There are 2 protein chains.
Amino acid sequence: MKRVVAKVIVTPKPVVNDPQGLTVKQGLATLGFREVEDVRVGKYIEVSLEAENMSEARERVEAMCRQLLANHVIEDFRFEIDHEGQHRK
Amino acid sequence: MKRVVAKVIVTPKPVVNDPQGLTVKQGLATLGFREVEDVRVGKYIEVSLEAENMSEARERVEAMCRQLLANHVIEDFRFEIDHEGQHRK
């Protein structure tokens, strides 16, 4: 068993409204960042787990995304898996 | 002026409690993902903006992070900047 870290990014689908992103965009404009054209806000999730190998890790993390981390109706997800040594703490 | 996309990741600092991460970890355990040892939850923010060049874009996005996107007391941030063509929509 080795310890790996999955870095998961969950984003609202392009067709879905993102009121949080709109609010951030307006906040940036108020601060003078008028060059900003669009903001989308999603989630970043770092999962540390034990796995036999990278292939098993990918399969398990994919299952976690489908079952809990992302709502597939309104969100997309993607992830990469690193060895523990590359984990940013 | 060219259009670039900044992909910003904001994470709670390692010393900061992350109750949301703990809740996700417990949820995963309930679903049978008992190999999960730690979960940290942060934000992922995609900012589309106009900039003269990559160097200016980096400077502006760094300023956005410091002024609004991240709370430097409890959060770290990092980002990368892509040309519009690489923007995932």
Side-chain angles (χ1 to χ4, degrees), chain A residues 1-15 18 20-21 23-52 56-57 59-69 75-79 84 87-89, chain B residues 1-15 18 20-21 23-52 56-57 59-69 75-79 84 87-89:
Chain A
M1 299 289 274
K2 59 182 173 182
R3 194 152 192 254
V4 300
V5 178
K7 297 172 179 187
V8 181
I9 288 174
V10 180
T11 50
K13 281 185 197 280
V15 295
D18 178 13
Q20 202 183 349
T23 305
V24 171
K25 186 188 166 191
Q26 289 165 349
L28 288 170
T30 305
L31 289 171
F33 297 104
R34 303 200 176 276
E35 71 266 47
V36 173
E37 294 180 342
D38 192 32
V39 178
R40 304 285 287 174
V41 176
K43 283 174 290 185
Y44 171 77
I45 306 162
E46 249 180 36
V47 182
S48 310
L49 70 155
E50 296 267 339
E52 288 294 344
E56 186 200 76
E59 200 177 281
R60 295 293 281 172
V61 173
E62 174 106 20
M64 291 176 206
C65 290
R66 294 193 183 285
Q67 291 180 47
L68 184 77
L69 303 181
E75 293 171 327
D76 292 321
F77 67 86
R78 59 187 192 271
F79 62 86
E84 173 67 358
H87 187 193
R88 279 173 161 270
K89 274 269 185 177
Chain B
M1 298 290 274
K2 59 183 172 181
R3 195 153 191 254
V4 300
V5 178
K7 297 173 179 186
V8 181
I9 289 175
V10 180
T11 50
K13 282 184 198 278
V15 294
D18 178 14
Q20 202 183 348
T23 305
V24 170
K25 186 189 167 192
Q26 289 165 351
L28 288 170
T30 305
L31 289 170
F33 297 104
R34 302 201 176 277
E35 71 267 47
V36 174
E37 294 179 345
D38 191 33
V39 178
R40 303 285 287 176
V41 177
K43 284 174 288 183
Y44 172 78
I45 306 161
E46 247 179 38
V47 181
S48 309
L49 68 155
E50 296 268 339
E52 289 294 344
E56 187 200 75
E59 199 178 283
R60 294 294 281 172
V61 173
E62 173 107 20
M64 291 176 206
C65 290
R66 293 192 183 284
Q67 290 180 46
L68 184 77
L69 302 181
E75 293 172 326
D76 293 321
F77 67 86
R78 58 189 194 267
F79 62 85
E84 173 67 0
H87 188 192
R88 284 173 158 269
K89 271 273 186 174

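Residue numbers start from 1 in every chain, and the chains themselves are labelled A, B, ... in the order their sequence lines are given, proteins ahead of strands. Keep in mind it's a predicted model, so treat the numbers as computed, not measured. Because only heavy atoms are used, hydrogens play no part in the values below, and waters and symmetry mates are left out as well, while side chains stay in.
Between chain A and the options B:Leu69, B:Val41, B:Ile9, the largest number of non-hydrogen pairs under 4.5 Å is found for B:Ile9. No other option in A:Val39, A:Val8, A:Thr11 has as many heavy-atom pairs under 4.5 Å with chain B as A:Val39.
With values rounded to the nearest 0.5 angstrom, B:Ile45 atom CD1 is found 15.5 Å from A:Lys25 atom NZ. We find the CD-CD distance between A:Glu35 and B:Glu52 to be 10.5 Å, quoted to the nearest 0.5 Å.
Few gaps surround CD on B:Gln67; more than 12 heavy atoms of other groups in view lie less than 6.0 Å from it. Within a 6.0 Å radius of CD in B:Glu62, other residues, nucleotides and ligands contribute more than 12 heavy atoms.
Pairing each heavy atom of A:Phe33 with each of B:Arg60, the nearest pair is CD2-NH2, 3.4 Å. For the residue pair A:Val24 and B:Leu68, the shortest heavy atom distance occurs at O-CD2, 3.9 Å. When all heavy atoms of B:Leu49 and A:Val36 are compared, the closest pair comes out as CB-CA, 4.1 Å.
Proximity to chain B (any heavy atom under 4.5 Å) is shown, for A:Leu28, by both the backbone and the side chain. For a residue to count as touching a neighbouring chain, one of its non-hydrogen atoms must lie under 4.5 Å from one of that chain's; by this rule A:Ala63 touches chain B with backbone and side chain alike.
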